[in-house]
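Written below as structure tokens is the structure these notes are about.
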Amino acid sequence: MENICENLKKIKQELEILNPNVKLMAVSKNFSYLAVKKAYECSQKIFGENRVQEAIEKIELAKADNLDIQWHLIGHLQLNKAKKAVSYFDYIDSVDSIELAEKLDKYAQAQNKIINIMLEINIANDPKKFGFSKNEVSDAAKRIVNFENLKLYGLMCIGPQAQESEIRKAFRDMKSIFEDLKKSICPTLSELSMGMSDDFRIAIQEGSTIIRIGRGIFGERT
Ligand SMILES: *Cc1c(COP(=O)(O)O)cnc(C)c1O
């Protein structure tokens, strides 16, 4: 197995220099529970998973081992898996439609839970990506802040695969939307989730508060 501890240490050292307030999410998708446990033993507490079923297996094992992990769902969630997602996650960072938010609110109410959510934004209008377009975000947020069992706490995006100037522009646009929403609609907005293994340095320069690293911690996915 890849030297998870060593990788984590290096990233944390770099964060210390770039911006010590930025949080680190370890994206363990496609990696085993053993890899999660290794990272946890090196003080990693925030983990991201992109598929509900795969996540549940690890969450159950982590529960049995009494690991104090904050699990985030970061992948597209189908409406028919919303109920399951609500039972297992306190943080759903990939809310990409009003319909999904409605379902999550309904199930959260039934389960007597508050779910922390981020809206995912398709910041560069990539037809292959999920998320609200820039123009839709504000109206969506206006409706979603009224859902009693959801707490809108952040915005999330996946940066475009493009040259640096385009990536930077996308992150800068995110920051601007984030500040506008915070001012006008949702003062409790606190996290801007952007930056992955290849672009987290740019994301931090442009105002990310939480980066999501998979390969940089666990190695290449096969
Ligand atoms: C896989 C994934 C990541 C991590 O990507 P790496 O390139 O492995 O760091 C971050 N965010 C989302 C939404 C992902 O699906």
Side-chain angles (χ1 to χ4, degrees), residues 1-15 18 22-33 35-36 38-39 42 44-59 69-78 81 85 88-89 91-97 100 116-132 137 153-164 166-168 170-171 174 178 191-222:
M1 195 179 294
E2 189 77 17
N3 200 336
I4 293 171
C5 254
E6 195 63 29
N7 293 344
L8 271 170
K9 212 157 105 188
K10 277 192 200 139
I11 295 168
K12 283 186 196 159
Q13 278 168 351
E14 205 176 340
L15 284 182
L18 294 172
V22 170
K23 299 185 183 104
L24 172 61
M25 179 189 298
V27 178
S28 46
K29 69 178 188 208
N30 297 170
F31 287 95
S32 66
Y33 173 64
V36 169
K38 279 242 162 86
C42 301
Q44 181 61 33
K45 293 280 169 72
I46 306 175
F47 287 82
E49 284 283 337
N50 72 333
R51 291 171 61 219
V52 176
Q53 199 51 49
E54 181 187 337
I56 287 176
E57 292 167 23
K58 294 175 213 176
I59 293 171
I69 289 179
Q70 188 183 90
W71 292 99
H72 291 243
L73 183 64
I74 60 170
H76 174 62
L77 177 58
Q78 289 168 335
K81 298 199 179 125
Y88 282 90
F89 289 90
Y91 296 84
I92 298 179
D93 297 351
S94 46
V95 174
D96 54 15
S97 73
L100 176 60
N116 300 286
I117 65 158
M118 292 197 199
L119 301 186
E120 180 170 358
I121 301 180
N122 188 352
I123 195 65
N125 276 318
D126 180 343
K128 292 190 290 288
K129 285 198 177 107
F130 292 99
F132 294 98
V137 189
Y153 83 109
L155 300 181
M156 190 266 259
C157 81
I158 299 174
Q161 278 196 306
Q163 55 185 18
E164 180 172 333
E166 262 176 75
I167 299 171
R168 189 175 293 286
F171 290 155
M174 283 291 290
F178 176 79
E191 303 291 343
L192 185 52
S193 172
M194 54 189 198
M196 314 190 344
S197 294
D198 293 330
D199 58 15
F200 74 88
R201 295 171 187 88
I202 308 171
I204 290 172
Q205 287 170 347
E206 299 303 333
S208 170
T209 67
I210 178 164
I211 59 171
R212 310 181 306 269
I213 308 293
R215 290 170 299 133
I217 296 171
F218 299 108
E220 291 299 325
R221 288 179 291 272
T222 48

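Both counts, for ligands and for their atoms, begin at 1 and track the order of listing. One is the number of the first residue; the rest follow in order along the sequence.
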Fill in the blank from the handout: Residues at least two apart in sequence or cross-chain that pass ring-ring contact (aromatic ring centres under 6.0 Å, His included) with Tyr88, listed by chain then number, are none

Handout entry: Close-contact set for ligand 1 against Gly214 heavy atoms, below 4.0 Å
Key = 4 (C), 6 (P), 8 (O), 9 (O)

Show every donor-acceptor pair shorter than 3.5 Å between a side-chain atom in residues 203-211 and any protein atom, with sequence neighbours excluded, or say none if there are none.
residue : atom : partner : partner atom : Å
Gln205  : OE1  : Arg168  : NH1          : 2.9
Gln205  : OE1  : Arg168  : NH2          : 2.8
Glu206  : OE1  : Arg172  : NE           : 3.0
Glu206  : OE2  : Arg168  : NH1          : 2.7
Glu206  : OE2  : Arg172  : NH2          : 3.0
Ser208  : OG   : Leu192  : O            : 3.4
Ser208  : OG   : Met194  : O            : 2.7
Ser208  : OG   : Ile210  : N            : 3.4
Ser208  : OG   : Ile210  : O            : 3.2
Thr209  : OG1  : Glu191  : OE1          : 2.6
Thr209  : OG1  : Leu192  : N            : 2.8
Thr209  : OG1  : Leu192  : O            : 3.4

Practice task
Going by heavy-atom distance to atom 14 (C) of ligand 1, choose the closest among Lys29, Met196, Arg212.
Solution key: Lys29

Practice task
Among all protein heavy atoms, pick the one closest to atom 6 (P) of ligand 1 and tell me residue, atom and distance.
Solution key: Ser197 OG, 3.5 Å

Handout entry: Test side chain to side chain donor-acceptor pair (under 3.5 Å) applied to Ser28 and Gln44, Glu49, Glu54, the passing residue
Key = Glu49

Handout entry: Donor-acceptor pair between Glu57 and Tyr33 side chains, under 3.5 angstrom
Key = no

Exercise for the section: On the 0 to 90° scale, with breaks at 30° and 60°, tag the His72-Tyr91 ring pair as parallel, tilted or perpendicular. Expected result: parallel

Exercise for the section: Please identify which atoms of ligand 1 are closer than 4.0 Å to at least one heavy atom of Ile213. Expected result: 9 (O)

Handout entry: Ionic contact status for Lys10 with Glu14, cut-off 4.0 Å
Key = no

Problem - Heavy-atom gap Arg221 to ligand 1 smaller than 4.0 Å - result: yes

Problem - Identity and separation of the nearest protein heavy atom to atom 7 (O) of ligand 1 - result: Arg215 NH2, 2.8 Å

Problem - Atoms of ligand 1 close to Ile74 [distance to a heavy atom under 4.0 angstrom, numbered from 1] - result: 11 (N), 12 (C), 13 (C), 14 (C)

